[in-house]
Structures are given as C-alpha cells and as structure tokens.
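What follows is a single structure, written as structure tokens, with notes after it.
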Amino acid sequence: MRDPARKSALYDAFAHTGKALSSGKRLELLDLLAQGERTVDALAKAAGLNLTTASAHLQTLKQAGLVSTRRDGVRIHYRLAGDDVSALYALLRRVAQTHQAGVEAARTAYLGDDQPEGVGREELLARAQAGEVVVLDVRPAEEYAAGHIPGALSIPVEELADRIAELPADTEVVAYCRGEYCVMAHDAVRLLNARGRRAVRLSDGMLEWRLAEMPVAIGEAA
C-alpha cells in the first residue's frame with residue numbers, strides 16, 4: 001500500500017498553487033501580466049500597491065511557478081510562466097462567475113448597470129477585415145505594443161476625450177481592453193456614445209483573444 005504521507009505531499013503541492021491565487025491583488029497582478037511583461041515598478045503603479053507589497057506578492061507567485069523573471073541591468077521584469085497560467089486565471093474567473101453568487105453583484109457594481117452592447121471575437125474579426133468597423137484599443141500604450149488586435153488604433157481611455165477627432169465620424173467603433181472584466185472599454189463606449197459616435201465593445205478582451213489563438217500584432221502604434 002502506498003504511503004499516505006506521499007499522497008498528502010502531492011496534494012499539498014497542488015495546494016501551493018491554490019494558495020498563491022488566494023489574494024485579489026495577486027490575481028490583479030496576473031491580469032496585468034497577461035497583457036505583457038512588466039517591471040516591478042510598473043506593476044506596483046498599475047495595481048495601486050507600494051513597491052514592497054508588490055514585490056512580496058510577486059515573490060509568492062514566483063515561488064508557486066506562476067510567473068518568471070528576467071534581469072535587465074538593475075530592473076527585474078516579470079512575465080507569466082506560460083499560456084497555461086493565463087488559461088488558469090481565465091478559468092478561475094469563469095468558475096467564480098458561475099458558482100459564486102457574490103461575483104455578479106461585484107461585477108455590476110464595478111462595470112456599471114448600463115453595460116454597453118458587446119460583439120464576439122469572430123464577428124469583430126470579420127467586420128474589421130471587411131472594413132465595416134474601426135477597432136479601438138483603449139489600454140495603456142505599453143500593453144498595446146506588447147500585443148494587440150491587428151489594425152487596431154491605440155488611444156488609451158484617459159486620452160480618448162481629447163483625441164476623439166482621430167476616429168472617423170461615419171464608421172462604427174468597437175473598443176476593447178484587457179478582458180471580460182476590464183472597465184476601460186465600457187467607459188470608452190459610454191464616452192463615444194455620449195459624443196454622438198456609434199460604438200460597441202468587444203464582449204471580452206485581449207486575454208480571451210490570445211487564449212482563443214486569434215491573430216495578434218506586436219509593436220507600437222504608427
């Protein structure tokens with residue numbers, strides 16, 4: 001008969017990953033890293049953390065094998081350890097949404113009651129290739145450079161009000177951001193609609209786009 005202690009050790013090893021995921025801020029860091037590699041400073045700023053706290057969370061994720069690092073001079077860059085980590089994060093959210101009653105209320109409180117109309121990935125790709133829509137990436141510029149929908153324009157949401165004239169007035173806009181629970185695309189569509197522009201959002205975002213193995217372009221906006 002197998003040693004029960006060895007079985008317990010195996011399940012404890014599995015639990016180590018679960019423990020690393022048992023923090024909202026660590027999940028937020030994974031969400032950010034799903035958009036591309038970042039330094040500790042950039043992650044701390046984006047997640048609203050001080051450097052010490054951000055570093056501690058990142059070390060926990062690294063010890064669990066969920067992120068990896070590279071050094072560039074004095075800077076440490078973090079990235080997800082693999083696409084399977086993105087898939088795990090997306091699955092965790094989906095399971096929580098399906099089985100935990102509090103998630104929907106929290107989602108609505110964050111994204112708003114008046115959630116704009118959404119379109120699917122395949123529909124967006126087909127309409128973009130046909131020239132029927134303008135695809136608008138409203139994430140920060142560094143996230144756009146790390147990977148975006150081919151042909152998408154880059155206007156970070158905080159700049160959109162001042163740069164709306166850069167969008168053609170007679171073409172529908174489809175805005176997208178990080179993922180299904182990212183508020184930036186919602187805010188962009190609300191702003192565009194309020195300014196009299198036809199706009200909808202991608203029903204999810206770049207995380208799901210990558211996981212679906214849809215085409216991705218890399219590089220800064222022209």
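Sequence positions, counted from 1, serve as the residue numbers for this chain.
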Taking the side chain as every heavy atom from C-beta outward, state whether [X] and [Y] have any pair of such atoms under 4.5 Å apart.
{"X": "H57", "Y": "L49", "answer": "yes"}
{"X": "L92", "Y": "L27", "answer": "yes"}
{"X": "L167", "Y": "L192", "answer": "yes"}
{"X": "L202", "Y": "I149", "answer": "yes"}
{"X": "R93", "Y": "D31", "answer": "yes"}

Looking at [X] and [Y], what are the two nearest heavy atoms and their distance?
{"X": "T17", "Y": "A64", "result": "OG1-O, 4.2 Å"}
{"X": "A141", "Y": "P156", "result": "N-CG, 4.1 Å"}
{"X": "V216", "Y": "G147", "result": "CG1-CA, 3.7 Å"}
{"X": "L211", "Y": "A87", "result": "CD2-N, 3.8 Å"}
{"X": "L61", "Y": "A20", "result": "CD2-O, 3.8 Å"}
{"X": "Y144", "Y": "A152", "result": "OH-O, 2.7 Å"}

ask   = Hey, mind stepping through E104 and T108 against side chain to side chain contact (heavy atoms under 4.5 Å, CB included) and telling me if it holds?
value = CA-CA 6 Å; E104 183 57 31; T108 300; 3.3 Å; yes
Calculate, to the nearest 0.5 Å, the distance between atoms [atom1] and [atom2] belonging to [X] and [Y] respectively.
{"X": "L58", "Y": "L30", "atom1": "CG", "atom2": "CG", "answer": "9.0 Å"}
{"X": "R197", "Y": "D170", "atom1": "CZ", "atom2": "CG", "answer": "9.0 Å"}
{"X": "E28", "Y": "L33", "atom1": "CD", "atom2": "CG", "answer": "11.0 Å"}
{"X": "L66", "Y": "L80", "atom1": "CG", "atom2": "CG", "answer": "8.5 Å"}
{"X": "L43", "Y": "L32", "atom1": "CG", "atom2": "CG", "answer": "6.0 Å"}
{"X": "R198", "Y": "N193", "atom1": "CZ", "atom2": "CG", "answer": "10.5 Å"}

If two hydrophobic side chains count as joined below 4.5 Å and joins carry through other members, does [X] share a cluster with [Y]?
{"X": "V134", "Y": "V157", "answer": "yes"}
{"X": "V189", "Y": "V138", "answer": "no"}
{"X": "M214", "Y": "Y176", "answer": "yes"}
{"X": "V174", "Y": "I164", "answer": "no"}
{"X": "V85", "Y": "W209", "answer": "no"}

request  = Kindly determine whether L153 and V135 satisfy side chain to side chain contact (heavy atoms under 4.5 Å, CB included), including the steps that lead there.
outcome  = CA-CA 6 Å; L153 300 178; V135 183; over 6 Å; no
Plane angle bin for Y11 and F14 - parallel if under 30°, tilted between 30 and 60°, otherwise perpendicular =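 The rings of F14 and Y11 stand perpendicular, inter-plane angle above 60°.
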query = Do R178 and E208 sit within salt-bridge range, that is, some charged N less than 4.0 Å from a carboxylate O?
reply =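 No, no charged N to carboxylate O under 4.0 Å.
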message = Test your reading of the model: is there a side-chain donor-acceptor pair from Q115 to the backbone of G112, 3.5 Å cut-off?
response = yes
ask   = Between the main-chain N or O of A105 and the side-chain N or O of Y110, is there a donor-acceptor pair closer than 3.5 Å?
value =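 Not a single qualifying donor-acceptor pair exists.
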message = With a 6.0 Å cut-off (strictly less than), is the heavy-atom count around NZ of K25, excluding the residue itself, greater than 12?
response =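 It does: K25 NZ has more than 12 such atoms within range.
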ask   = Heavy-atom count around D83 CG within 6.0 Å, excluding the residue itself: above 12?
value =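 12 or below, so no.
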task = Only counting residues at least two apart or in another chain, list the ones meeting side chain to side chain donor-acceptor pair (under 3.5 Å) with T39.
result = none
query = In the hydrophobic clustering that connects Ile, Leu, Val, Met, Phe, Trp and Tyr at side-chain heavy-atom distances below 4.5 Å, which members other than L91 occupy its cluster, ordered by chain and number?
reply =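 V95, all in the cluster of L91.
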Atom pairs and distances, side-chain donor-acceptor, residues 179-186, under 3.5 Å, sequence neighbours left out:
| unit_1 | atom_1 | unit_2 | atom_2 | d |
| --- | --- | --- | --- | --- |
| Y181 | OH | Q97 | OE1 | 2.9 |
| H186 | ND1 | C182 | O | 3.2 |
| H186 | NE2 | R201 | NE | 3.4 |

I'd like to know if the side chain of [X] pairs up with that of [Y] as donor and acceptor (distance under 3.5 Å, no hydrogens or angles considered).
{"X": "T53", "Y": "N50", "value": "yes"}
{"X": "K62", "Y": "S68", "value": "no"}
{"X": "R210", "Y": "Q35", "value": "no"}

Donor-acceptor pairs are to be reported for all side-chain atoms of residues 116-130 against protein atoms at under 3.5 Å, with residues two or more places apart or in another chain.
| unit_1 | atom_1 | unit_2 | atom_2 | d |
| --- | --- | --- | --- | --- |
| R121 | NH1 | D204 | OD2 | 2.5 |
| R127 | NH1 | E172 | OE1 | 3.1 |
| R127 | NH2 | E172 | OE1 | 2.6 |

Within residues 145-160 or reaching into it, pairs that qualify as salt bridge (charged side-chain N to carboxylate O under 4.0 Å, His left out) - sequence neighbours excluded =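 Applying salt bridge (charged side-chain N to carboxylate O under 4.0 Å, His left out) to every pair that reaches into residues 145-160, excluding sequence neighbours, yields E159-R163.
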Candidate pair I155 and L136, rule side chain to side chain contact (heavy atoms under 4.5 Å, CB included), full reasoning = CA-CA 7 Å; I155 304 180; L136 177 64; 3.9 Å; yes
Show every donor-acceptor pair shorter than 3.5 Å between a side-chain atom in residues 70-77 and any protein atom, with sequence neighbours excluded, or say none if there are none.
| unit_1 | atom_1 | unit_2 | atom_2 | d |
| --- | --- | --- | --- | --- |
| R70 | NE | E37 | OE1 | 3.0 |
| R70 | NE | E37 | OE2 | 2.9 |
| R70 | NH2 | E37 | OE1 | 2.8 |

